[in-house]
Amino acid sequence: MILIHCPYCDEKRPEIEFANAGQAHVVRPVDPSTYDDAQWEAFLFIRANPRGRHHERWRHIHGCGRFFNAVRDTVTDKFEATYKAGKPRR
Amino acid sequence: MSGYRLPSGGRIDRSRPVSFQFDGNAYQGFAGDTLASALLANGVMLFGRSFKYHRPRGLMAAGSEEPNALVSVDRGPGRFTPNLRATNVELYEGLNAASQNRWPSLKTDFGAINDRLGMFFPAGFYNKTFMWPRSFWDRLYEPSIRKMAGLGDAPTEEDPDTYAATYAHCDLLIIGAGPAGIDAALMAAGTDRRVTLIDEQDEMGGGALADPALWPWLERSMKMLADAPNVTILTRTTAFGYYHDNFIGAVQRLTDHLPEILPATGRCPEGAEGPVEAAQNNPTQGSLGPPPPSALRAATSPFRGGLPPREKLWRIRAGEVVLAQGAIERPLVFEGNDTPGVMLASAAKVFALRYGVAIGQSVALMAAHDSGWHDVFALAKAGVGIAAIIDMRGTVDQALIDAALAHNIRVELGAAVIGVDGRHAVKGIEIASTTGGNRRCIACDALLMAGGWTPSVHLWSHSKGTLKWRDDIGAYVPDQPNENARCVGACSGDWDFGQGAVIGMLPTPKDASRIKAFVDFQNDVTAKDIKLAVREGFRSIEHIKRYTTNGMATDQGKTSNLNGLQIASTALNKPVTDIGLTTFRPPYTPQTFGALAGHAKGELFQPLRKSPIDGWAQDHGAVFELVAQWRRARYFPKPGEDMHTAVNRECVAVRSSVGIFDASTLGKIEVVGPDAAEFLNRMYTNPWKALEPGRCRYGLLLKEDGFIMDDGVSARLAPDRFHLTTTTGGAARVLNMMEDYLQTEWPNLNVWLTSTTEQYAVIALQGPNARKLLEPLVAGIDLSAEAFPHMAIREGTICGIPTRLFRVSFTGELGFEINVPSAYARALWKRLMTAGAPHGITPYGTEAMHVLRAEKGFIIVGQDTDGTVTPYDAGLDWAVGKKKADFVGKRSLARPDIVAAGRKQLVGLLTDDPNVVLEEGAQIVADPNQPIPMTMIGHVTSSYWSETLGRSIAMALVAGGHSKMGETLHIPMPGRTHTAKVSDMVFYDPEGARLNV
Amino acid sequence: MSDTLTRNDPVPTTLFTADGVTIRLAPPMARFSLRARQGQALETLLGVKLPKKIGTVKGGIACLGPDEWLLRGAAGTAIPIGDGLPVAITDIGERSVCFTVEGPRAAQLLMSGCPLDLDRFAAGRAARTLFESVEIILIRHAADRFEVEVWRSFADWLWTALTKAASHGP
Amino acid sequence: MTRFSGLNLFAKALGGHKGWAEQWPDAVPKPAYDAIIIGGGGHGLGAAYYLAKKYGINNVAVLEKGWIGGGNTGRNTTIIRSNYLYDESAHLYDHAVKLWDGLSQELNYNVMYSKRGVMMLAHNVHDVQSLQRHIHANRLNGVDNEWLTPQEAKAYCPPLSISPQARHPVLGAALQRRGGTARHDSVAWGYARGAAALGVDIIQNCAVTGVRRGVDGAVEGVETSRGYIASKRVGVSAAGNSSVIMQMAGLDFPLESYPLQALVSEPVKPTFPCVVMSNTVHAYMSQSDKGELVIGAGTDQYVSYSQRGALHIIEHTLAAICEIFPIYRRMRMLRTWGGIVDVTPDRSPILGKTPVTGLYVNCGWGTGGFKATPGAGDLLAYTMAKDEPHPINAPYNLDRFRNGRLIDEAAAAAVAH
């Protein structure tokens, strides 16, 4: 059970308090109707799945309830950083 | 001859004899013995049979690495445990153990025929045969293989014991309480760090327990640790796995060593009802009551305290971990090395000095390492006769030879054991010089092996710490950590037992392809199996492991991995480091399923959520169904009624007078803030901004992929306050999805979401008499049709309780849904039942609710839709805001396949025979006469008998269904094909006349 | 609220006792979820001071998230609901029940299912967290006194889980 | 290739088993091949075998970064079944089941396919409806699957608890009698031996580090840790690492890779006759021929290649197992391990061509790839040989994520109300 630093609570809490919410910084278009099918497919389904540095979202669902972003290495599972939603990509 | 109790010595308590049984024979040992030491003291050398060849086997080790001496322990009904190591079973009065994998007896085992035929069962033999004739595989070959495999028997009865679990936190976790671990704990004792020291044995000390010279130190140290308030000591606790971020799993064994299991100290709840039914039925509950006649019988007693848990799972988060797990001695590989009476030298020392038991009266040592010499000297000092020391090395430290001479021990250097005389016990050994000549025999009754040492790096490897190979000790040792951890003592490769040679197999002049020299004792993997694997092209150590099963036994290769690696290295003529290392996987030693499951048993397995009205339903005979985490009343049978009859009655009551339904489990979300309407407008398919306060609206929610996710009727309480409802199963998902959009896509909206599912219980009153019943009980709300129309909400009080009263209907009748604070729901329900009695008020369950809504063509998300259905497929075009620029899922509805013709669409289905109720899930075809595989064009999603309509009704997803109105379709069932016509989904009161009254 | 309709509780109202710990259902109370981007608007509206740091409690109000507070008070407490303001106040008085867990072994008992390090969870702290799979809000009032808020439908499970763990002894 | 048979085993035994040859040579890469398969698991080796055996392409290399069968092939719970709901899935998996039947004989390698039956439990009304829907669809698709009452389920699998008092009582079960298990390692080895005998080069310890594309965009070959290897036909069958390989070819894929754990108990005498799965309780189990109870655990929730799962997943799994089979509470867990599963948005595989000419893919099998091994291998081979998908795998294209024609078995089992 990994420990995750919640940037809102500012402490490390156990994984079971969190829900992973997939890749980070996948932004929903302001007007989806401007997206063609391929762009929309990319938004819906295409995901970075790197061996290594990965930007992902978590929600401290059984804690403060906030979604936030993280950079984690998918080979070691170690976090490089977690940061609040809306902050620029690290 | 065989093992015997030494006249003195050891840590056993000779003043406390303990009686026990093995294979039906009675024996006696002492407190402090293990089953292994006690049996050995009684001269028992034969402990079990090996896995494949059913070879007679004795003790090889003294600890948890023991591969041979596996026994079953039977503690009475439901308390049968197979595959326990005799070396880990602590002796207690009345212990009843039995050997395994033999028939009819341990001494005479018919399975031993496998040994005679062993040449036909080399590694991987099953891949090469049993293929012809084909049909024999299922009927003969496989059943035979299965029967032969396996070790002990599985338990056959439910385990009455309980298991506990806990989290724990410490700054320093020390695993292993040998001298190195104790030293680490002593260093930290008295500091402000929280220290936990755990060890798998019943007593702290590790190797020191077999070294009487260290006992005074051990006693002093343990006292200091016990006195240190910052140190927690856990014995009989195995750290079995090392997980992310210094999270360690450990299991503590609490009762297996006790002769009797006495009730725990916890007390029952004083007086009053408890949620445990058994407690309610027990007249003596409320106190400890009279002691149960037998401690073990108390397991089935209804006391809440009951027996103490058998084991406890510790989930430990540590700041720093110190691994002090020691090292395991390596056996030597030669013909006959598995004969009972052939033992690790260090184990013989443990038996002698810790338990006061000698393996034999005339013991030989086969050494490749200095440590064996020291062990033998210790045995000699303890009074054990030493027949000879054979060392494969041509030269050894002169001090060892001097010491041997001082003990008058014969020494044979540059020689190796090449055979063992005796099948059930050692009678003598044959040795030869390492160059092959000079074969001679030595009489002895036991043979010790000193093949060097393997650091226990299991947990280190679980933690993904790296390993490096050390040629001088022929073993992998810890290198770079991946967690905040370090290894100390022997598990880091540091020890003071001297030097040794690193070898795979002892040299032998015999034909190596004809002898059985065991590497993995339990799985019967021999050196020639490994060589065969290499010959057949298996080069990676993982391949060799899997092909031969070396290291895959219940000891997980603790004594076999390194020998296997060396033998493979020799056979491949490649350095060990080039053929890899098998991965160490948790658990370190096998751990009980029950311990991992912890408390999660029966009612504690997973929470069963119950509505505030559930108790009334239970008292009134409801039959329940499970929906998501909840249970809901499905129907309320009267005496003699089956489901069909009860549901018909409930439906008729709603249509003719009034029914009452518990809708509390529906999810509720309160959406509050100036941007509430804007937010809902973006989430739901339909428009929300124009909804007036006091009015309700059906809301349809899609996932971003355009498929229906959830639905529900929601109300606007105020310009900035909405009361949403969701499906029972969808509540958590919907809230999470809404939070996701709100927090990450539209963070500027001033709106907040709060789950109110459990704040309000919901009682639905449905039927033409609903208003009449409600009117006298409600204050502050005008219930008249004009003042309170369909799809409206009003706030007031009911029986003095504040209520949010919805005028909505999922039945097609005049209906109200009464939201009240949960705590009052049951009392209100009872009040309504009383008040409704003159109207024949009838409680109905989810089944009648399903029928009633189907008569009206209302869908149930999750039943009539399944995650592949769009609003258009479901005929819910009207609920999609065509003019809205965007909502969640809108863009996906324009994808090519979603707008293509021929999609499955939801329609009504009326069977030609009105008495036929189709099966839900039944498949629909256009042409019933086509061959299999048939082209299926849809399936029945909902199907019921409608008592109101006097016929069956169904809903179905049918390809192009909306354009198939009136067409006949076919539903092929086993034995009969039904026909049905496509129809509109609204079967009852299509004008909605009954609603607007 | 009413003298004619009685309340129903999902667990026994009697005290459970085991070695070193007692567990009981707390009396009914008022609860409100308070939400706002900044606490200021709420403080003005309600005339109270809000704790600013997540996980702290001040005057019966626990800060559970950056924009979320839990206000608990005596049963019957009424507060303004902030109509039209950029705040959200929601009555959740009956959504959960509260267990009081007391005694020298209270923290140890809670750690049987709560993954937080309660040795380092000071009095005056509050956190939404888990007990096994069930969400709770844990409030520590003193070294040996905790309150556990749990949604009503999970209360039966949690009561059974806690009393069972307590009866298993240390 | 030495023929395997009982007789030969007997003969070789008399010679001290010295006469056995390598089951497959450890090949050294040649500069070029007619076709390359990346990934030496069951699927990749199977594809190579069928390319050579059925489609006449023998100059084939299988490139494996570690040792063959060392990925998910050697880490799964070996369940075989084909009782899927949708036509596309039923056809795909039944194609595999038909190949499983007789595979030992075809390969002359006993893969120990054991038709002991796969039973899926229903615990609530929704489960019953869902499984009934499967049974009806399977019947009309020619796939065996039958409904059992709780008592019949108990008779088929005596350790099953059908107590009505259980937290999730058993309301019935769907049984596919042709379902069962096979010996995972043997499948990889059998295909390797069969393929090698037909001329396929099996190259281990050869990691692909790049995919080279020509000016026209088509595949020209692959860079590896053992040098460049040319081929105009490259099939990727790399399970959890598929995204990584696709990235090398410049393709973003709808895939995410998660850790999946499994575990076995200590071996015991025969006690568990079939395979039982419960989606509601989240557990599945069978007993291996060696006697171990083989248990599937869940996936961790985050993308990871660490092959290191969490303890709480194991706790949940064993709690579930003990709930359905309470007699096993005193059994002991011997070994846990982790694999990496590649998961698509609709939980169905991608098997076919890619936007890059000459690059073919077989990935996204999630937790269900083993059962499809012979079928996936055959279909990948077909697609590579003909440069077009077989009708069975045609629906498993990449286009479906754009046009919305998903094959979502999980969504079909959605629950709400």
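Here is the naming used below: chain letters follow the sequence lines, and residue numbers restart at 1 for every chain. Excluded from the calculations below are hydrogen atoms, water molecules and symmetry mates; all remaining heavy atoms, backbone and side chain alike, are included.
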Which pair of non-hydrogen atoms, one from [X] and one from [Y], has the smallest distance, and what is that distance?
{"X": "Leu311(D)", "Y": "Gly249(B)", "result": "CD2-CA, 3.9 Å"}
{"X": "Leu334(D)", "Y": "Pro590(B)", "result": "CD1-CG, 4.1 Å"}
{"X": "Ser306(D)", "Y": "His244(B)", "result": "OG-NE2, 4.2 Å"}
{"X": "Asp897(B)", "Y": "Arg405(D)", "result": "OD1-NH2, 2.8 Å"}
{"X": "Arg167(D)", "Y": "Pro607(B)", "result": "NH2-O, 2.8 Å"}
{"X": "Ala597(B)", "Y": "Arg329(D)", "result": "CB-NH1, 4.3 Å"}

What part of [X] is in contact with chain B, defined as an atom under 4.5 angstrom from a non-hydrogen atom: side chain, backbone, both or neither?
{"X": "Gln23(D)", "result": "both"}
{"X": "His312(D)", "result": "neither"}
{"X": "Leu171(D)", "result": "neither"}
{"X": "Asn108(D)", "result": "both"}
{"X": "Leu7(D)", "result": "neither"}
{"X": "Asn141(D)", "result": "both"}
{"X": "Tyr86(D)", "result": "side chain"}
{"X": "Arg193(D)", "result": "neither"}
{"X": "Asp399(D)", "result": "neither"}
{"X": "Ala166(D)", "result": "neither"}
{"X": "Pro273(D)", "result": "backbone"}
{"X": "Thr336(D)", "result": "both"}
{"X": "Asp26(D)", "result": "both"}
{"X": "Ala320(D)", "result": "both"}

Could you look at [X] and say if it's the side chain, the backbone, both or neither that has a heavy atom under 4.5 Å from chain D?
{"X": "Asp864(B)", "answer": "neither"}
{"X": "Thr156(B)", "answer": "backbone"}
{"X": "Met552(B)", "answer": "both"}
{"X": "Leu604(B)", "answer": "neither"}
{"X": "Asp138(B)", "answer": "side chain"}
{"X": "Val925(B)", "answer": "side chain"}
{"X": "Tyr242(B)", "answer": "both"}
{"X": "Ala595(B)", "answer": "neither"}
{"X": "Asn523(B)", "answer": "side chain"}
{"X": "Arg535(B)", "answer": "both"}
{"X": "Phe121(B)", "answer": "neither"}
{"X": "Ser942(B)", "answer": "neither"}
{"X": "Pro974(B)", "answer": "both"}
{"X": "Tyr141(B)", "answer": "neither"}

Considering only heavy atoms from C-beta outward, does the side chain of [X] approach that of [Y] to under 4.5 Å?
{"X": "Arg116(D)", "Y": "Glu142(B)", "result": "yes"}
{"X": "Pro122(B)", "Y": "Leu9(D)", "result": "yes"}
{"X": "His939(B)", "Y": "His136(D)", "result": "no"}
{"X": "Arg308(D)", "Y": "Ser463(B)", "result": "yes"}
{"X": "Cys322(D)", "Y": "Leu596(B)", "result": "no"}
{"X": "Asn83(B)", "Y": "Met331(D)", "result": "no"}
{"X": "Ser104(D)", "Y": "Trp137(B)", "result": "no"}
{"X": "Glu625(B)", "Y": "His126(D)", "result": "no"}

Could you check whether the rings of Phe10(D) and Phe120(B) sit parallel, tilted or perpendicular, using 30° and 60° as the cut-offs?
parallel

Which residues satisfy the salt bridge (charged side-chain N to carboxylate O under 4.0 Å, His left out) test with Glu315(D), sequence neighbours excluded?
Arg315(B)

By ring-ring contact (aromatic ring centres under 6.0 Å, His included) - contacts of His599(B) (at least two apart):
His168(C)

When Glu266(D), Gln287(D), Gln132(D) are compared by non-hydrogen pairs under 4.5 Å with chain B, the top option
Glu266(D)

Looking at [options], which one has more heavy-atom pairs under 4.5 Å with chain D than the rest?
{"options": "Gly241(B), Gly78(B), Pro155(B)", "answer": "Pro155(B)"}
{"options": "Arg895(B), Arg546(B), Met934(B)", "answer": "Arg546(B)"}
{"options": "Lys601(B), Arg631(B), Lys147(B), Glu157(B)", "answer": "Lys601(B)"}
{"options": "Gln930(B), Arg134(B), Met119(B)", "answer": "Arg134(B)"}

Distance-only polar pair, side chains of Asn127(B) and Ser186(D), donor-acceptor under 3.5 Å:
yes

Identify whether the distance between the nearest side-chain nitrogen and carboxylate oxygen of Asp161(B) and Arg330(D) falls below 4.0 Å.
yes

Indicate, with yes or no, if the rings of Trp24(D) and Phe538(B) have centres closer together than 6.0 Å.
yes

Arg133(D) and side-chain contact (heavy atoms from CB on, under 4.5 Å): which single residue from Gln923(B), Glu920(B), Glu919(B) fits?
Gln923(B)

